[in-house]
Amino acid sequence: MKGKELIGNLEQTFSQLYGGKADGIFFAPGRVNLIGEHTDYNGGHVFPCALTIGSYAAARKREDRMIRFASMNIRSEVTEISLDDPALHLDGSGTREDLALGANDWTNYPKGVIWAFAKAGDRLPSGFDVLYYGNIPAGSGLSSSASLEVLTGLMLRELFAFPKVSGVDLAIRGQQAENIYVGMNCGIMDQFASAMGKEANAIFLDTNTLEYTYAPLLLKDAKIVVTNSKVKHQLASSDYNTRRSECEKALSILQAAEKSGKEIPSLGSLTPEEFEARKSAIDDPVLLRRAMHAVCENARTIEAVDALKSGDIHRFGELMNASHDSLQYDYEVSCPEIDVLVEEGRKISGVIGTRITGGGFGGCTVSIVRTDAVEPFCERLGKIYKEKYGLDAEFYVVDAGEGAHRIS
Ligand code: ADP
Ligand code: MG
């Protein structure tokens, strides 16, 4: 479903479920990261763009303190909770363990955002009814979770008039919801891209300072193609959290060994040369490889944005390829299916660069492909993948879209 049909359907289903009309319709996009993977929780740079697909919500304020959640993607009844229910922990009580209200309960994402608003002092004066619908392929690593969080924040800001809540606040509160409430230790990238995306641009974000600039995606005669492997390996979120703690360990070893008095606030604060001069302090070869990825990926991202700005799309592609190799061998967040998509993709003429994108362990690749090669790319790679794994990879030629906004 797209555009008007999608919104019509959402409004109609809202009326059937709750009666009457919604106060507003809201949208927050998913994202694809072009380069700068697993750098966002290491104080490095990222370079994502928002997509034109994402999550929609129809919502209406209530007079009482009930909240009702429903999603057209989840075939279940409406979930109800009172704003006064202690399980929402709006008084700030509760530990990380008892905050998550139940594993795999999708309403933890919007509940987490209500919790993050309360934590920031923006308490809801009443409840609301909301119906969600998302058109991001499920579990594909294009960040449906961040779009759901940012969307919920936008909806709360608009329904309850919290004018001081900025787009960056929506990103931060979404990340808090996911970190604390869902227990996924993600960085800020996904929520930032969803909240702050700009049509036809990617966002060059310093995750240490949250300073950002927009870079026009001047790809000349090339397109961004996202390939969905349709696999998501089980350990995705626990391995993600493990990578994060491995990087924290490597950082604390470097900090403890530092003799020069230089501050090392994050792995992303080191250049590859500075890291090279210090890396002998890390004995564990696994930690060394993790840290190496974080440092070098950050440097690649900075260089890639310069390359794009100066029109050198081929250098940009080379850096994407190097990013994948580092994620495959040093950071070890790829998987055989994705590696086949990347290796075979690179053999196709007109492919400028291709790499895994997102948290890893499945999901999608992102490729820059010459416009005249897009068709053979999808066809040939789809065929090879089907022969090897029996799966139908999906291909999306994507445009950079606008960040979260109110539709009506
Ligand atoms: P992604 O890479 O898409 O962010 P995640 O596993 O992080 O993958 O998040 C997917 C989860 O987000 C789903 O399992 C579901 O709980 C929740 N979610 C996302 N979009 C919706 C939606 N429209 N309706 C209900 N739940 C959703
Ligand atoms: Mg997610």
Side-chain angles (χ1 to χ4, degrees), residues 1 6-7 9-10 13-14 17 25-33 37-38 40-41 46 48 50-51 53-59 68-79 100-113 130-155 171 174-195 226 228-241 244 333 335 338 356-366 394 396 404:
M1 262 191 300
L6 186 159
I7 290 165
N9 211 324
L10 185 70
T13 313
F14 182 93
L17 265 184
I25 308 282
F26 310 92
F27 171 75
R31 64 92 190 91
V32 64
N33 189 25
E37 212 68 75
H38 289 274
D40 63 343
Y41 52 83
V46 292
L51 297 171
I53 52 174
S55 307
Y56 294 79
R68 295 195 284 180
F69 299 106
S71 167
M72 289 167 69
N73 301 85
I74 311 268
R75 297 255 160 255
S76 64
E77 291 306 301
V78 174
T79 300
L101 302 181
N104 299 326
D105 179 351
W106 71 272
T107 64
N108 283 339
Y109 295 92
K111 284 171 184 163
V113 176
V130 61
L131 174 67
Y132 294 101
Y133 173 72
N135 59 2
I136 300 174
S140 61
L142 300 178
S143 229
S144 65
S145 63
S147 81
L148 185 59
E149 292 149 6
V150 169
L151 172 65
T152 303
L154 170 74
M155 169 195 84
Q175 184 201 15
Q176 285 171 346
E178 185 139 351
N179 286 169
I180 310 295
Y181 220 84
V182 181
M184 173 71 174
N185 267 328
C186 60
I188 189 74
M189 170 174 69
D190 302 353
Q191 292 80 4
F192 202 96
S194 180
V226 171
N228 186 353
S229 70
K230 303 274 200 63
V231 298
K232 184 177 186 183
H233 293 288
Q234 278 310 311
L235 289 170
S237 83
S238 61
D239 275 348
Y240 187 102
N241 288 348
R244 184 164 183 159
V333 290
C335 63
I338 290 281
I356 187 172
T357 187
F361 311 103
C364 291
T365 64
V366 60
E394 269 174 24
Y396 324 109

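The basis for the numbers below is simple: all heavy atoms, side chains too, and nothing from hydrogens, waters or symmetry mates. First listed ligand is number 1; within each ligand, the first listed atom is number 1. For reference, positions follow the sequence shown, starting with 1. The shown structure was predicted, so the numbers you read here are calculated from the model rather than taken from an experiment.
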Regarding ligand 1, does [X] bring an N or O atom to under 3.5 Å of one of the ligand's N or O atoms?
| X | result |
| --- | --- |
| Ser144 | yes |
| Asn73 | yes |
| Ser55 | no |
| Ser145 | yes |

Counting distance only, does the side-chain N/O of [X] pair as donor-acceptor with the main-chain N or O of [Y] below 3.5 Å?
| X | Y | answer |
| --- | --- | --- |
| Arg244 | Asn185 | yes |
| Asp40 | Met189 | yes |
| Thr152 | Leu148 | yes |
| Gln191 | Val150 | no |
| Thr365 | Ile356 | no |
| Thr357 | Cys364 | no |

Give the atoms of ligand 1, by number and element, whose distance to some non-hydrogen atom of [X] is under 4.0 Å.
| X | answer |
| --- | --- |
| Ser71 | 22 (C), 23 (N), 24 (N), 25 (C) |
| Ser143 | 1 (P), 2 (O), 3 (O), 4 (O) |
| Gly134 | 23 (N) |

- prompt: Does the separation of the ring centres of Tyr109 and Phe69 fall below 6.0 angstrom?
  reply: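 They do not qualify: ring centres at least 6.0 Å apart.
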Atom pair [atom1] ([X]) and [atom2] ([Y]), whose distance is rounded to the nearest 0.5 Å:
| X | Y | atom1 | atom2 | answer |
| --- | --- | --- | --- | --- |
| Ile180 | Asn108 | CD1 | CG | 13.5 Å |
| Leu6 | Ile53 | CG | CD1 | 11.5 Å |
| Ser194 | Leu142 | OG | CG | 12.0 Å |
| Arg68 | Leu131 | CZ | CG | 11.5 Å |
| Met184 | Ser238 | CE | OG | 9.5 Å |
| Ile7 | Tyr133 | CD1 | OH | 12.0 Å |

message: Looking at atom 1 (P) of ligand 1, tell me if a protein heavy atom falls under 4.0 Å from it.
response: yes
Heavy-atom protein contact below 4.0 Å for atom 13 (C) of ligand 1: no
Just to check, does [X] reach to within less than 4.0 Å of ligand 1 when the distance is taken from its heavy atoms?
| X | answer |
| --- | --- |
| Ile74 | yes |
| Gly141 | yes |
| Lys232 | yes |

query: Within less than 2.8 Å of the Mg ion (ligand 2), how many protein N/O/S atoms are there?
result: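 For the Mg ion (ligand 2), the figure is 1.
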message: What protein heavy atom lies closest to atom 21 (C) of ligand 1? Include the residue and the distance to one decimal.
response: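 Among all protein heavy atoms, the one nearest atom 21 (C) of ligand 1 is Leu148 CD2, 3.9 Å.
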message: Is the contact between Glu149 and ligand 1 made by the side chain, the backbone, both, or neither, using heavy atoms and a 4.0 Å cut-off?
response: neither
message: Measuring from atom 11 (C) of ligand 1, which candidate in Tyr56, Phe69, Trp106, Tyr109 has the nearest non-hydrogen atom?
response: Tyr109
